[in-house]
Amino acid sequence: MGLIVQKFGGSSVANAERVMNVAKIVTDTYREGNDVVVVVSAQGDTTDDLIDKAHEINDHPSKREMDMLLTSGEQISIALLSMAIEKLGCPAVSLLGWQAGFRTSSAYGSARIKSIKTDRLRAEVDRHNIVVVAGFQGINKYDDLTTLGRGGSDTSAVAIAAAMHADRCQIFTDVEGVFTADPRKIPEARKLKEITYDEMLELATLGAQVLNNRSVEMAKKYNVEIEVLSSLKRVPGTIVKEVAKMEKMLVRGVTKDTDVARISVTNIDNTPGIAFKLFSKLAQKNINVDIILQSVGRDGTKDITFTVAKDNAVDAIAAVHETFDIDDKNITCATNVAKISVVGAGMESHPGTASKMFEALYEHDINIDMISTSEIKISVLIDAQDADRAVAAVHKAFYPELN
Ligand code: ADP
Ligand code: ASP
Ligand code: MG
């Protein structure tokens with residue numbers, strides 16, 4: 001018995017039948033004697049559909065109005081789920097993000113949670129209500145609605161678990177847990193029993209959609225143990241925590257990220273301070289740079305290639321123009337690229353990991369464009385059209401026993 005936070009993603013509440021299924025899970029937990037706070041996302045593809053609707057009207061809507069629109073998706077879900085819970089005979093109350101006390105930064109579209117004033121949540125729990133909270137949203141200092149960025153409901157759930165010192169935080173989704181690769185693409189992928197925050201953070205950042213990376217960051221900061229599990233099949237999922245049992249695995253997972261643009265700048269002066277000038281300009285514009293490659297060009301010049309998220313490509317090119325007085329022909333931008341990564345704390349002490357990954361790609365005739373490494377991950381940039389083949393090849397190389 002205790003306080004349990006349960007989060008259900010879009011596919012788990014996609015239609016009436018799924019909403020009733022979620023209500024059953026929630027009321028079972030409540031009837032076992034627990035206090036329950038539920039966080040839900042918008043139904044199915046609602047958020048994508050709302051974005052399309054906005055673009056039918058205006059190609060560049062303001063971020064404030066976009067947030068006003070997108071928060072409505074979660075509003076539908078909380079009302080429907082509360083009605084479903086009532087139908088199953090339990091008391092429920094739905095709350096929008098601001099009613100649940102979510103105060104955020106003012107950055108519409110990618111707001112950060114600043115604090116949660118838990119008085120209302122506590123009061124509703126004390127009244128023995130099942131509290132159903134709209135994920136992905138809050139309110140900023142101008143009393144405007146904000147959203148936390150795509151996939152942000154995971155972060156809402158972890159934040160509530162941290163603020164209310166919940167005994168458990170369960171993230172229910174449409175797969176059985178965290179796998180060694182996306183189980184929808186790689187049927188041989190294996191479910192992990194446990195994974196550390198650091199490894200999960202890398203997986204989430206490098207493209208494993210199953211948890212939002214900010215939610216993992218927050219779970220690590222406040223030491224919230226997360227359980228990722230299926231809303232459709234009642235079997236044990238994956239536990240995300242500080243120290244995980246090693247399952248004799250060098251690599252915990254293989255990921256693919258296609259939200260990458262590669263920008264190359266050629267023929268710049270080979271003098272000190274060039275990289276500093278460019279990357280400080282990019283930082284000023286709040287653009288995160290991922291992989292960087294600098295090479296010597298011809299006649300005392302140098303070339304710099306770097307990657308950014310696709311959304312930032314136009315601003316990054318503008319930053320290059322603001323930094324250097326160069327011709328358009330010396331700047332190229334490619335968006336048909338993908339980043340494939342392997343992640344695992346074990347690889348630090350195993351020198352063969354990189355060569356194994358590169359060999360698998362070579363055997364499938366897949367060309368590597370750029371490489372970057374850290375203690376617990378290796379990433380390569382390749383052609384987007386090779387991405388799925390690459391994940392399959394690399395996964396097979398690291399988990400031959402599963403094939
Ligand atoms: P929700 O709507 O519940 O938030 P998401 O679609 O955001 O669900 O995330 C779940 C999806 O993440 C799965 O359907 C799966 O295809 C994808 N996924 C990608 N990589 C992984 C992985 N390594 N393990 C599990 N699922 C993954
Ligand atoms: N509905 C939002 C999205 O689609 C938030 C979420 O699903 O977590 O991104
Ligand atoms: Mg999600």
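Atoms within a ligand are numbered from 1 in the order they appear, just like the ligands themselves. None of the values given here were measured: they were computed from a predicted structure.
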If you scan protein heavy atoms around atom 7 (O) of ligand 2, the nearest is S41 OG, 3.3 Å
Within 4.0 Å of some non-hydrogen atom of V178, the atoms of ligand 1 are 24 (N)
Ligand 1 to D174 polar contact by distance, N or O atoms, under 3.5 Å: yes
The option among Q209, R150, Q137, K7 carrying the non-hydrogen atom nearest to atom 4 (O) of ligand 2 is R150
Going by the 4.0 angstrom heavy-atom rule, the piece of V210 near ligand 1 is both
In ligand 1, the atoms that come under 4.0 Å of a heavy atom of G177 are 24 (N), 25 (C)
The atoms of ligand 1 lying under 4.0 Å from a heavy atom of P183, numbered in the order shown, are 24 (N), 25 (C), 26 (N), 27 (C)
Does G207, backbone or side chain, put an N or O under 3.5 Å from an N or O of ligand 1?
no
With heavy atoms and a 4.0 Å threshold, my read on which part of S153 contacts ligand 2 is both
* Purely on distance, is any nitrogen or oxygen of G10 under 3.5 Å from one on ligand 1? -> yes
Non-hydrogen atom of G151 closer than 4.0 Å to ligand 2:
yes
Q209 heavy atoms within 4.0 Å reach ligand 1 at atoms 5 (P), 6 (O), 7 (O), 9 (O), 12 (O), 19 (C), 20 (N)
| task | Check whether any heavy atom of K7 sits under 4.0 Å from an atom of ligand 1. | result | yes
Does G152 have a heavy atom less than 4.0 Å from any atom of ligand 2? yes
